[in-house]
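Contents: one structure, followed by commentary.
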Amino acid sequence: MSSASSDDDMPLARSNGHISNAKISAADDRALDKSASRARPAPPGLSIRNGPVDDDSMDVDAATNGTKRKSRSSIGKAVNYKDDSDDSDGAPLAKRQKANQKTEADSDDEPISKKKNGKLPPSISRTSVVDESDDDEPLGTKLAQRKASIEKSAAKEAKALQAKAKKATPKKAIKDEDESDDEPLAKPKKRLSNGASASANKKANGVKKEEPESDSDAPIAKKAKKAAPATKAKAAPAKKTPAKRGSATPKKGKSEEPGDGEEEEEEYRWWDAPKKEDDSIKWTTLEHNGVIFADPYKPLPKNVKLYYDGKPVELHVEAEEVATYFGAMLNSTHNVENPVFQKNFFRDFKDVLKKTGGAKDQNGNKVDIKEFSKLDFKPIFEYYDAERVAKKNRPAAERKAEKAERDAREAPYMYCRWDGRKEKVGNMKVEPPGLFRGRGDHPKTGTVKKRVMPEQVTINIGKEAKVPDPPAGHKWKAVQHDNKATWLAMWQENVNGNYKYVMLSANSSTKQEADFKKFEKARNLKKHIDRIRKDYQRDLKSDVMADRQRATAMYLIDKFALRAGNEKDTDNEAETVGCCSLKYEHVTLKEPNTVIFDFLGKDSIRFYNEFTVDRQVFKNLKMFKKPPKEDGDDIFDRLTTTQLNKHLSSYMEGLTAKVFRTYNASYTMSQLLQKLPTDKKMTDAEKLKLYNDCNREVAILCNHKRTVGAAHETQMEKLNDRIKGLKYQKWRTKMMMIDVDPKMKKKKGAEYFELDPDLDETWIHEHQAFLVEEERKKITKKFEKENEKRVAEKERPLPEKELKERLKVANELEAKFKKENKSKKVEAEGKSPTVEKLENSVKKLEERIQTLQLQSADREGNKEVALGTSKINYIDPRLSVVFCAKFNIGIEKVFSKTLRDKFKWAIESVGDDTTWEF
DNA sequence: AACCCTACTTAGCATTTACGAA
DNA sequence: TTCGTAAATGCTAAGTAGGGTT
């Protein structure tokens with residue numbers, strides 16, 4: 001082994017600290033084995049738990065890496081300005097970080113660390129995670145267990161697919177035939193296996209489109225055809241409900257377009273259209289009206305001022321505007337109390353001040369603003385806040401009128417004409433100026449995001465189209481006619497120099513089509529996955545370090561759905577990582593084969609997981625961490641995402657790391673859905689729960705989190721109290737039966753009348769008091785309201801006596817409860833109560849209880865898992881359509897309006913066909 | 001290979017709207 | 001009907017990924 005030092009190596013992947021040897025000798029491998037002979041490895045793939053972390057690993061580095069430009073400074077420093085006091089006291093903050101923060105970030109809309117959720121400084125996370133881990137464990141473990149079986153089926157399936165492919169080579173015919181019937185010009189270019197044709201149309205825009213070649217199921221319209229067979233298939237275009245589906249071709253003139261009549265638009269069903277010759281060309285004609293700019297700044301009224309050192313100051317309007325950016329967001333303590341945010345803001349604020357002649361006091365004397373802490377934005381905040389409240393409380397009619405006016409103003413920008421079709425624009429508004437809110441500990445958070453001027457905006461539009469007029473007195477930066485691009489307008493933002501694009505919305509044909517292709521590509525991976533897996537298993541032992549690293553990375557991406565992990569500019573962005581950019585301190589190894597990942601991923605969301613892995617993977621990671629590597633060094637020092645993706649694309653055209661996430665998410669979902677009990681007779685709520693459970697597993701796989709709101713705990717309690725209340729009511733109702741017919745006790749058995757174990761006497765007393773109180777409140781409120789009305793109508797208000805009289809009802813209720821408690825009997829309520837009626841109410845109550853309990857469980861499970869992201873981006877929507885068909889539940893229960901639009905292609909192409917498979 | 005440029009998807013939180021219980 | 005909450009939508013930041021250039 002010997003030559004362990006790095007200098008004798010070949011060119012480095014990244015020159016950042018320590019590098020591993022290019023080659024691995026057999027002795028190197030053996031050495032790793034020896035050191036870890038004890039203990040039998042657990043079977044791979046089991047997630048052990050989602051547990052705590054201790055600080056150690058994370059803040060060490062500091063000293064070590066001055067090496068390159070990778071200032072890792074922030075790692076040790078952490079964001080928690082607000083919390084650093086606790087840091088030192090080490091007090092048992094114990095228990096839920098969320099809660100803590102809540103209290104700490106007092107009243108603010110979002111706790112500081114929330115967002116950093118994972119990202120908390122280690123000192124806090126240690127305490128905080130403790131109890132969470134318990135929660136998460138079962139889910140994680142379950143998921144991991146299923147994973148093994150899921151993978152097995154994947155391999156089986158892949159083999160089957162390949163076998164099938166061998167037998168029947170030309171497969172995609174179905175569609176082509178069908179289509180050329182319908183569509184004279186359909187001349188779909190056939191293409192052979194991978195790669196071959198790629199280069200041809202590739203260069204165009206660098207967009208190299210993958211073109212899913214899912215043979216057997218390429219034509220999305222296939223099923224539809226089947227349903228409405230042969231001939232012309234001009235059946236009614238499917239209406240909103242997925243129930244009936246049929247036509248493959250849209251009916252002329254019969255527009256789905258609701259409303260404004262003026263223009264009947266025919267829906268474009270791209271999935272029925274012939275395949276494009278060259279899909280790097282996105283359009284041939286494109287018309288639009290440009291973008292909407294932010295409203296100009298409206299100066300504050302004279303009496304609202306920024307204060308400095310206790311005194312109001314005069315500002316140039318430009319400086320005032322910047323001050324309002326800060327003032328308006330005072331409620332977001334999370335930002336406003338962040339020292340980096342303050343620092344960046346203050347720097348920029350001082351710049352405008354300097355540029356605009358500084359601040360003056362009431363007498364026109366210069367005020368030198370040099371300390372942030374002396375600035376007081378409260379008056380500004382209060383002004384905006386009041387305005388906001390006022391706006392909300394305006395009469396409905398007024399609000400409506402305003403909305404109508406706004407809509408009318410925006411209407412021209414809402415849609416564009418894309419190849420002659422009307423398509424919705426996604427974000428036609430240029431982002432307004434403000435303060436940049438970077439996530440995690442972004443070094444530039446708080447920086448002023450400047451107003452975008454037309455001079456910065458480039459317009460992309462068809463050659464023949466009329467170029468939209470820029471606002472009066474302004475010009476566009478440029479106008480171009482690039483039909484390989486899908487954007488209508490673009491500008492560069494000043495904070496990070498990022499490009500911002502105006503594009504079509506998710507329900508437009510281009511986006512839908514792109515979405516479809518994404519999922520087809522992922523489905524296509526099914527055919528290659530077993531070979532890929534076999535190969536990387538083999539390469540885990542390669543003696544070429546680069547290959548071994550690549551294989552290991554592939555393993556992680558495949559099994560744990562890690563993101564690719566492109567390199568980032570560490571000086572100017574928050575420090576987050578993905579697979580290829582994992583660092584020494586993000587991976588902790590526990591013999592014999594447990595790996596603990598702890599790092600901040602996209603959006604600074606924490607990824608914390610303990611996994612058991614193949615022994616070889618464990619050994620490799622150990623090797624990649626071998627001294628002299630230390631904190632701050634890359635684990636995969638001979639691997640970049642580019643290399644990885646290049647390798648992947650050798651298996652399948654267009655295959656990249658991110659496809660694995662789509663594939664694994666959709667595949668997992670499909671497996672889970674298939675396992676669902678088919679037993680019918682479920683209520684919609686129960687079906688939905690099943691669906692959401694599957695969805696949740698996928699979300700967990702993808703580590704999609706959300707912050708549990710300050711309110712969660714309270715809401716949960718409330719909900720549970722409501723459930724208990726209903727249970728109590730149920731019990732009372734049952735007792736009434738005995739009152740009506742004493743024989744019931746015998747008939748139903750004593751058990752029937754037992755009190756739910758959830759309820760105890762103390763609680764009941766409390767609850768009764770609560771009910772009485774509620775009743776009082778209700779009565780009082782009603783009384784007051786009536787009086788108000790009388791006053792308004794110039795009548796004499798009702799006397800207090802009347803209120804007292806009315807409150808007697810509540811008193812009676814109280815007395816009744818007392819009596820019940822004493823006698824252990826409940827008098828039947830209502831007029832002419834019968835056992836039957838009572839039984840009915842019991843049934844009703846039981847139903848309500850069940851619904852609420854489901855809801856409660858669902859919500860608790862979802863507490864910090866965000867289902868939406870995977871539903872929107874990762875789970876093939878056709879799976880959901882099939883689920884709904886199979887379980888006979890409306891698609892609208894699962895997809896919101898926007899999602900139904902976005903996934904229109906899926907809904908219409910699958911219809912009620914339950915045989916579609918991912 | 002490293003860098004920059006470009007363009008597109010994915011992501012969580014904020015704000016608005018819809019909806020269900022009272 | 002009204003109110004308060006949950007769901008839907010809006011917003012924009014933060015990723016991935018590919019190409020070109022040096």
Side-chain angles (χ1 to χ4, degrees), chain A residues 10-15 109-110 114-115 117 202-209 282 329 331-332 334-335 388 392 399 403 426-427 429-432 434 436-440 442 444-445 449 460 482 484-487 490 492-493 495-501 503-506 510-511 514-515 518 563-569 573-574 576-578 580-581 601-605 640-646 648-649 654 656-659 661-662 702-707 709 711 715 718-719 722 774 778 781 785 848 852 855 859 862 866-870 872-874 895-899 901:
Chain A
M10 347 202 30
L12 322 172
R14 264 164 289 176
S15 53
D109 53 3
E110 78 201 5
K114 225 153 98 194
K115 159 165 302 169
N117 203 348
K202 164 191 245 170
K203 52 171 67 183
N205 189 26
V207 188
K208 176 171 124 200
K209 260 326 168 191
K282 305 292 179 26
M329 60 190 293
N331 55 346
S332 172
H334 162 65
N335 289 302
R388 196 177 48 84
K392 216 173 62 187
R399 266 185 296 166
K403 185 177 176 351
N427 55 326
K429 287 186 188 150
V430 164
E431 291 172 18
F436 172 70
R437 294 153 91 122
R439 304 185 186 159
H442 197 295
K444 296 202 175 174
T445 192
K449 200 168 105 168
N460 192 40
D482 181 1
K484 309 264 173 54
T486 65
W487 50 270
M490 181 221 54
Q492 198 168 13
E493 149 268 342
V495 178
N496 297 291
N498 291 332
Y499 296 105
K500 302 287 188 151
Y501 298 88
M503 294 186 192
L504 298 196
S505 69
T510 5
K511 293 286 192 177
D515 214 30
K518 174 182 78 183
R563 294 191 182 81
N566 284 329
E567 255 209 291
K568 297 183 76 184
D569 171 0
E573 298 176 281
T576 60
V577 300
C580 294
S581 48
K602 181 177 179 178
D603 291 315
S604 292
I605 296 294
T640 63
T641 52
T642 310
Q643 292 169 319
L644 175 65
N645 284 337
K646 216 174 139 205
L648 290 175
S649 66
T656 63
K658 94 192 254 286
V659 178
R661 263 169 89 78
T662 315
C702 295
N703 201 43
H704 290 143
K705 296 200 182 157
R706 62 172 187 174
T707 52
Q715 286 169 350
K718 228 177 174 175
L719 190 55
R722 257 171 70 197
E774 283 288 283
K778 207 172 88 191
K781 211 167 166 192
K785 220 166 186 180
R848 276 179 71 191
L852 282 184
Q855 199 182 320
R859 198 187 300 179
N862 278 350
L867 302 193
T869 308
S870 50
I872 294 168
N873 298 300
Y874 287 104
F895 287 154
S896 70
K897 175 78 175 69
T898 18
L899 280 189
D901 286 345

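Per chain, numbering begins at 1; letters A, B, ... match sequence-line order.
Rounded to whole angstrom, the span from the CZ atom of A:Arg706 across to the P atom of C:dA7 amounts to 9 Å. The distance from atom NE2 of A:His334 to atom C1' of B:dC13 is 10 Å, rounded to the nearest whole Å. Here C:dA13 presents its C1' atom at 6 Å from NZ of A:Lys500, a figure rounded to the nearest Å. A straight line from OH of A:Tyr501 to C1' of C:dA13 spans 15 Å, rounded to a whole angstrom. The CG atom of A:Leu867 sits 11 Å away from the P atom of B:dG12 (whole-angstrom rounding). For A:Gln643 and B:dA2, the CD to C1' distance is 12 Å, given to the nearest whole Å. Going from atom CG of A:Asn460 over to atom C1' of B:dC8 covers 14 Å, rounded to whole Å. As rounded to whole Å, 12 Å separates atom P of B:dT9 from atom CG of A:Asn427.
Interatomic distance, A:His334 NE2 to A:Met329 CE, rounded to the nearest 0.5 Å: 8.5 Å. Between A:Cys702 atom SG and A:Arg563 atom CZ the span is 8.0 Å, to the nearest 0.5 Å.
Across all non-hydrogen atoms, the minimal contact from A:Gly438 to A:Thr445 is N-OG1, 3.3 Å.
Not a single donor-acceptor pair under 3.5 Å links the side chain of A:Lys282 to the backbone N or O of A:Thr510. Listed for the A:Asn460 side chain is no donor-acceptor partner under 3.5 Å among the backbone atoms of A:Thr486.
Side chain of A:Met503, nearest nucleotide from B:dA11, C:dA13, B:dA7: B:dA7. If you check C:dG15, C:dA13, B:dT9 against the side chain of A:Lys449, the one that comes closest is C:dA13. In the set C:dA17, B:dC8, C:dA14, B:dC8 carries the atom at the smallest distance from any side-chain atom of A:Trp487. Listed candidates were B:dT17, C:dA14, C:dA17. Nearest to the side chain of A:Lys403 is B:dT17. Of the candidate nucleotides B:dT10, C:dG15, B:dC8, C:dG15 has the atom nearest to the side chain of A:Lys568. Comparing B:dT9, B:dT10, C:dA13 by their nearest atom to the side chain of A:Lys511 picks out B:dT9. With distances taken from any side-chain atom of A:Thr486 to the nucleotides B:dC8, C:dT12, B:dT10, the minimum falls on B:dC8. Nearest to the side-chain atoms of A:Asn566 among the listed nucleotides B:dA7, B:dG12, C:dA17 stands C:dA17. Side chain of A:Lys429, nearest nucleotide from C:dC11, C:dA13, C:dA17: C:dC11. Among the nucleotides C:dA14, C:dA8, C:dG15, the one closest to the side chain of A:Arg563 is C:dG15.
Nearer the 5' end of DNA chain C, as judged by each residue's closest nucleotide, is the contact made by A:Pro432, out of A:Thr642 and A:Pro432. Each of A:Lys646 and A:Ile872 has a nearest nucleotide on DNA chain C; the 5'-most of these lies closest to A:Ile872. Of the two residues near DNA chain B, A:Met490 and A:Ser870, the one whose nearest nucleotide lies more 5' is A:Met490.
Counting any heavy atom pair closer than 4.0 Å across all strands shown, A:Gly868 reaches no nucleic acid atom. Contacts of A:Ala574 with the nucleic acid, taken as non-hydrogen atoms under 4.0 Å apart, are absent. A:Asn645 comes within contact range of the sugar-phosphate backbone alone, with a heavy-atom separation under 4.0 Å but no base atom that close. Residue A:Lys658 is in sugar-phosphate contact alone, with no base atom involved, counting any heavy-atom pair closer than 4.0 Å across all strands shown.
OP1 or OP2 of C:dG15 lies within a sub-4.0 Å distance of a side-chain N or O belonging to A:Thr576. The phosphate of B:dT17 has neither OP1 nor OP2 within less than 4.0 Å of any side-chain N or O from A:Lys897. Residue A:Thr656 places no side-chain N or O under 4.0 Å from the OP1 or OP2 atom of C:dT16. Remark: A:His442 is in phosphate contact with C:dA14, judged by side-chain N or O atoms under 4.0 Å from OP1 or OP2. Remark: A:Arg661 is in phosphate contact with B:dA11, judged by side-chain N or O atoms under 4.0 Å from OP1 or OP2.
Under the 4.5 Å side-chain criterion, counting only non-hydrogen atoms from C-beta, A:Glu493 is not in contact with A:Glu431.
On a pure distance criterion of 3.5 Å, no polar donor-acceptor pair joins the side chain of A:Lys518 and the base of B:dT9.
Ionic pairing of A:Asp515 and A:Lys511 is not present here: no N-O contact between side-chain nitrogen and carboxylate oxygen is shorter than 4.0 angstrom.
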